[in-house]
Amino acid sequence: MSALTIYNSLTRQKEVFQPLHPPYVGLYVCGPTVSGESHLGHARPYITFDVVYRYLRHLGYQVRYVRNITDAGHFEEEGREAEDKIARGAVLEKLEPMELVQKYTRLFHWGMQQFNCLDPNIEPTATGHIIEQISMIEDILAKGYAYVVNGSVYFDVVKYAAQYPYGQLSGRVLDELLATTRELEGQEEKRHKADFALWKKAPPQHIMRWKSPWGEGFPGWHIECSAMSTKYLGHPFDIHGGGMDLLFPHHECEIAQSTIAYGEPPVRYWMHNNMITINGRKMGKSYNNVIKLTELFSGQHPLLEQPYHPMVVRFYILQTHYRSTLDFSNEALQAAERGLQRLWEAHDLLEKLYRSMPDGQASAMVSGGDGQLELNERIQQLCTDFEDAMNDDFNTARVLANMFELVPIINAAGHQQLGESLRPAVVQLLYNHFSLYLKDILGLQPVKKPDNQLVEALLDLLIEIRKEARLRKDYATSDRIRQQLLQIGIQLKDEKDGSVSYTFQ
RNA sequence: GGUCCCGUGGCCGAGGGGUUAGGCAGAGGUCUGCAAAACCUUAUACAGCGGUUCGAAUCCGCUCGGGACCUCCA
């Protein structure tokens, strides 16, 4: 059995994962800024790290998963008007900041539920940790790596870089940063272009403000993640995740702050998921190509040909390795929709097959497939590969490919089209693995299922009537039933053994 | 401009010096009262040009094309 390896952005290579304090694992993921509705782009990191969380737990680790809610406004742009994004939105929408923040937090939670993402263990808010942030800033000031100007506090990157490897994570060189960082308005407070704010003085019109040793203001861009991850996971902790766009400056700054405050780099393994693109372009407000989750699920967006079920999106995302870019297209999502359906039908068939096995046979090694050693062994091989694929930096794409290779075997066995027999022990292994990975580790759920027992009972009645019609060779009636049901989205299938199954379209 | 990443068949995408990835779509067939589904078979690949090698899609160089970060952003 292979060991779990994780691609560490810090070292740019895959490393064997060794938690600091097994069996405990600390996992921190940068959460959403709840100043607006979640969009397709948000889906990727949270689904990616949901699978990371699920898999770590599957491996037996006791994971504390912390994902923050950024509800204290980060600035629109450094230096410029220090306008609080959330405060501005509140003015526009005539809402209290907290009202706005809670509205979008709830919407975010709803989206995560749609995607079947497990809740983090702790979901700290920035506004709930102002005190922790202030004391961390005080600490950095006391150690001489920050300075106060006019009610704001800045981190002295140049001083830090003289002693510590600033830019290690993002591959930045400080001199180049100092040379190439754009001229932005209102930067005169900072000693160096590369310095970043730990605390910002709030202008008079600013709604969100807290008292601090430096006057009324609000925390800087990066301090919340450092303060909260330390509070709940200690320092250093095991895994910090987020989107690649956070690599610089956000995570680089986190490293610098925490290194000064705690005397050591804060994180062992940095993980970054790649972006979702639309027509080759990153999705972003500035590109005006943002698809909100509500639009995605309802199909109400100019770029969308149809609604896409959250599970289709989840499956689509997991079909690509998390460090590759994933380009969005209707065609790709529609392909994913059919593929996922195929996977679930195979799963349900396999479940039926498994449950129909006589008691006792499931666990016993019964000979009977002796001539089919090759097939049985191939199945076992594919199942074991699930784990190897996941251990290889969470390669969900390979897990799914393996599942698809198993689908024809399952279907053939389930429809009695297989010329060979499967050993009961192999059926059990297959079912256990297939089900475990599909549902528990990849976190996929069936897209379509009967609404309730009433529907099932009615369907059974119709199927019964149709069956009788077919016995009379009254194909007009039987075809009418099948046709009408198809029109309302239920597809009947006459199975080989004379039974009738149905799927919801 | 600086730093970095990528370019796989109609579409999406794993892999990564020699052996079929996989999905969706397409073609042919089996089964079926007819369908659907399923099963079987199946074409079109590794951007281009050089180099290393017995052998390169896989390594190296160059060219072209695309993208990310350097600015709030998942």
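In what follows, chains are A, B, ... by sequence order, proteins preceding strands, each numbered from 1. Being a predicted model, the structure only gives us computed values, none of them experimental. Side-chain atoms are counted along with the backbone in the values below, which use heavy atoms only and exclude waters and symmetry mates.
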For B/A27 versus B/U58, give the span between their C1' atoms, rounded off to a whole number of Å.
31 Å

Do A/R12 and B/C4 have a side chain to base donor-acceptor pair shorter than 3.5 Å?
no

Please report the distance, rounded to the nearest Å, between CD in A/Q491 and C1' in B/A38.
12 Å

Out of B/G22, B/C39, B/G23, whichever nucleotide has its closest atom nearest the side chain of A/A412:
B/C39

Among the candidates B/C39, B/A74, B/C34, find the nucleotide nearest to the side-chain atoms of A/V407.
B/C39

Mate of B/C59 across any strand shown (Watson-Crick or G-U wobble, both atom pairs under 3.5 Å) is B/G51

Among B/G33, B/G2, B/G22, the one nearest any side-chain atom of A/R172 is B/G2

Which whole number of Å gives the distance between the P atom of B/A38 and that of B/U44?
25 Å

Are more than 12 heavy atoms, taken from residues, nucleotides or ligands other than A/K352, located less than 6.0 Å from that residue's NZ atom?
no

Is any NZ, NE, NH1 or NH2 atom of the basic residue among A/E345 and A/K493 found under 4.0 Å from an Asp or Glu carboxylate oxygen of the other?
yes

Stacking check: are the rings of A/F404 and B/G23 less than 5.5 Å apart at their centres and under 30 degrees in tilt?
no

If pairing means Watson-Crick or G-U wobble with both distances under 3.5 Å, then the partner of B/U3 is B/A68

Taking the six-membered ring for Trp, are A/Y7 and A/Y269 closer than 6.0 Å centroid to centroid?
no

Have a look at A/G171 and say if it touches a base, only the backbone sugar-phosphate, or nothing, with a 4.0 Å heavy-atom cut-off.
sugar-phosphate

If we take the C1' atom in both B/U41 and B/C5, what is their distance in whole Å?
40 Å

Residue met sooner reading RNA chain B from 5', once A/R470 and A/Q334 are mapped to nucleotides
A/Q334

Length of the line joining A/R338:CZ and B/A37:P, which is rounded to integer Å
11 Å

Select base, sugar-phosphate, or nothing to describe what A/M283 touches, counting heavy atoms under 4.0 Å on all strands.
base

Nucleotide B/A74, atom P - distance to OH of A/Y28 in whole Å
13 Å

Within less than 4.0 Å of OP1 or OP2 of B/C39, is there a side-chain N or O belonging to A/N411?
yes

Using the C1' atoms only, state how far B/C4 lies from B/A45, rounded to an integer number of Å.
27 Å

To the nearest angstrom, the CD1-C1' distance between A/I276 and B/C73 comes to 14 Å

Suppose we define a pair by two distances each less than 3.5 Å, Watson-Crick or G-U wobble; what does B/G17 pair with here?
none

For atom P, what is the distance between B/C40 and B/U63, given to the nearest Å?
48 Å

May I ask you to check whether over 12 heavy atoms, not counting those of A/Q491, lie within 6.0 Å of atom CD?
yes

Suppose you measure atom C1' in B/G23 against the same atom in B/C60; what distance do you get, rounded to whole Å?
34 Å

Under a 3.5 Å limit on both distances, the Watson-Crick or wobble mate of B/G9 is none

Euclidean distance, atom CE of residue A/M275 to atom C1' of B/G66 [Å, nearest integer]:
17 Å

Spacing of CD1 belonging to A/I239 relative to OH belonging to A/Y53, to within rounding of 0.5 Å
12.5 Å

Rounded to whole angstrom units, what separation is found between the CD atom of A/E345 and the P atom of B/C24?
11 Å

Check whether the ring centres of A/F196 and A/H222 lie less than 6.0 Å apart, and answer yes or no.
yes

Distance between the P atoms of B/A47 and B/G9, in whole angstroms?
8 Å

Checking N1-N3 plus N6-O4 or O6-N4 for Watson-Crick, or N1-O2 and O6-N3 for wobble, each under 3.5 Å, the partner of B/U30 is B/A38

Between A/D119 and A/Y65: side-chain donor-acceptor atoms closer than 3.5 Å
no

Is it the case that the base of B/C11 and the side chain of A/N330 share a donor-acceptor contact (distance under 3.5 Å, atom types as modelled)?
no

Name the nucleic acid region contacted by A/L486, choosing base, sugar-phosphate or nothing; use a 4.0 angstrom heavy-atom cut-off, strictly under.
nothing

We want to know whether A/Y322 and A/D393 form a side-chain donor-acceptor pair, criterion being a heavy-atom distance below 3.5 angstrom.
yes

Base of B/C24 paired with side chain of A/R342 (donor-acceptor, under 3.5 Å):
no

Filtered N/O pairs between nucleotides 12-19 of chain B and protein, under 3.5 Å:
unit_1: B/G13; atom_1: OP1; unit_2: A/D327; atom_2: N; d: 3.3
unit_1: B/A14; atom_1: OP1; unit_2: A/H321; atom_2: N; d: 2.6
unit_1: B/A14; atom_1: O3'; unit_2: A/N395; atom_2: ND2; d: 3.4
unit_1: B/G15; atom_1: OP1; unit_2: A/N395; atom_2: ND2; d: 2.7

Length of the line joining A/E337:CD and B/C11:C1', which is rounded to integer Å
16 Å

Residue met sooner reading RNA chain B from 5', once A/A401 and A/R482 are mapped to nucleotides
A/A401

Quickly work out the A/R314 CZ to B/G23 P distance and round it to whole Å.
22 Å

To the nearest 0.5 Å, tell me how far A/I291 CD1 sits from A/I278 CD1.
3.5 Å

Taking atom C1' in both B/G15 and B/G22, compute the distance separating them and give it to the nearest angstrom.
11 Å

Among A/H347, A/K439, A/E351, side chain to side chain contact (heavy atoms under 4.5 Å, CB included) partner for A/F434:
A/H347

Base of B/G33, side chain of A/D479 - is there a donor-acceptor contact under 3.5 Å?
yes

